[in-house]
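Values reported hereafter were calculated over all heavy atoms of this structure, with side chains retained and with hydrogens, waters and symmetry mates removed. Residues take their numbers from the sequence shown, with the count starting at 1.
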Amino acid sequence: MDYLRTNKFEQATDTAFIRERADRAAETYEKARIEGYPTDGAQELAMETLLRGLHYSRYAMLHEVVENEFANEVPEEKQEAFIHKLLPLVGNVFSVYDLSDDNFALSSDYDLLYTELTGATVLYLDEYGV
C-alpha cells in the first residue's frame, strides 16, 4: 500500500486489488519455501508477484520528467503541486502506452513517452507557467 500511495497508482485505494495481490504474494512465498527456496529467494519471488505490472505509474513518470528536465523552471518545493495540476491534462499522452509492462523502461516506447511528456510540459509552461 505504501508503494502504491507513494507512487500515486490508481489502485492505491482499491482494497480488493491490494488484498488479492497480497494473497497471491503470500501463496508464492509459501510455495517457494515448500519447494526449497531460501527465505531471501522466496521473498524475492513474492515481491515480484506483488509488484507485477506496477513498476511505472503515471505520476512517477511525470515526476521524473519534471525533476530531470524542468528543475530550473519548476522549483523543487513547487514540483508536487505542479505535477498534480499537470497530470490530468496529460492523461491522453499515456493512453497509447502500456505502463503495466514490467520491461517498459527498456522499450523504445519509454523514450517516446518521456519525450511526449517533456513536450506537453513545455507547452503547459509556455502557456500557464508554474
Rounded to the nearest 0.5 Å, what separation is found between the [atom1] atom of [X] and the [atom2] atom of [Y]?
X: Arg33; Y: Leu45; atom1: CZ; atom2: CG; result: 11.5 Å
X: Ser100; Y: Arg52; atom1: OG; atom2: CZ; result: 11.5 Å
X: Met1; Y: Asp14; atom1: CE; atom2: CG; result: 11.0 Å
X: Leu99; Y: Met61; atom1: CG; atom2: CE; result: 6.5 Å
X: Gln79; Y: Leu86; atom1: CD; atom2: CG; result: 12.0 Å
X: Thr28; Y: Met47; atom1: OG1; atom2: CE; result: 12.0 Å

Are [Y] and [X] connected in a single hydrophobic cluster, I mean Ile/Leu/Val/Met/Phe/Trp/Tyr linked by side-chain heavy atoms less than 4.5 Å apart?
X: Val74; Y: Leu123; answer: no
X: Val122; Y: Leu87; answer: yes
X: Phe104; Y: Leu51; answer: no
X: Tyr110; Y: Leu106; answer: no

Legend entry - From CA spacing to verdict: side-chain contact (heavy atoms from CB on, under 4.5 Å), Tyr56, Asp102: CA-CA 8 Å; Tyr56 312 100; Asp102 289 337; 5.8 Å; no
Inset, instruction - List the steps and the verdict of side-chain contact (heavy atoms from CB on, under 4.5 Å) for Tyr29 and Tyr37. - result: CA-CA 9 Å; Tyr29 181 87; Tyr37 279 83; over 6 Å; no
Within the 4.5 Å heavy-atom criterion, are [X] and [Y] side-chain neighbours or not?
X: Leu112; Y: Asp109; result: yes
X: Thr13; Y: Ile18; result: no
X: Arg21; Y: Gln11; result: no
X: Asp40; Y: Glu44; result: no
X: Thr49; Y: Glu27; result: no

Inset, instruction - Walk me through it: do Tyr97 and Glu116 pass the test side chain to side chain donor-acceptor pair (under 3.5 Å)? - result: CA-CA 11 Å; Tyr97 298 100; Glu116 285 189 53; 2.3 Å; yes
Which pair of heavy atoms, one from [X] and one from [Y], lies closest together, and at what distance?
X: Leu117; Y: Thr121; result: O-OG1, 2.7 Å
X: Glu69; Y: Thr118; result: CG-OG1, 4.0 Å
X: Leu113; Y: Val93; result: CD1-CG1, 3.7 Å

Inset, instruction - Kindly state whether the ring of Phe70 and the ring of Phe82 have centres lying under 6.0 angstrom apart. - result: no
Legend entry - Under 3.5 Å donor-acceptor, Lys85 side chain and Val130 backbone: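 Yes, because the side chain of Lys85 sits within donor-acceptor range (under 3.5 Å) of the backbone of Val130.
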Legend entry - side-chain contact (heavy atoms from CB on, under 4.5 Å) evaluation trace for Val66 with Glu73: CA-CA 9 Å; Val66 170; Glu73 292 86 352; over 6 Å; no
Legend entry - Glu20 and Arg24 ion-paired at < 4.0 Å: yes
Inset, instruction - Answer yes when Lys8 and Glu80 have at least one side-chain N-carboxylate O distance shorter than 4.0 Å, and no when they do not. - result: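 Yes, charged N to carboxylate O under 4.0 Å.
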Legend entry - Greater than 12 external heavy atoms within 6.0 Å of Glu35's CD: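 Yes, because the 6.0 Å sphere around CD of Glu35 holds more than 12 heavy atoms from other groups.
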Inset, instruction - Going by the ring pair (Phe, Tyr, Trp, His ring centres under 6.0 Å) test, name the single residue among Phe17, Tyr3, Tyr59 that passes it with Phe9. - result: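 Considering Phe17, Tyr3, Tyr59, a ring pair (Phe, Tyr, Trp, His ring centres under 6.0 Å) with Phe9 is found only for Tyr3.
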Inset, instruction - Decide side chain to side chain donor-acceptor pair (under 3.5 Å) for Glu64 and Tyr114; before the verdict, give the C-alpha distance in whole Å, the side-chain angles of both, and the deciding distance to 0.1 Å. - result: CA-CA 9 Å; Glu64 181 180 350; Tyr114 191 96; 5.2 Å; no
Inset, instruction - Begin with the C-alpha distance, continue with both residues' side-chain angles, and end with the deciding distance and a verdict on side-chain contact (heavy atoms from CB on, under 4.5 Å) for Asp98 and Asp101. - result: CA-CA 6 Å; Asp98 181 12; Asp101 178 359; 3.9 Å; yes
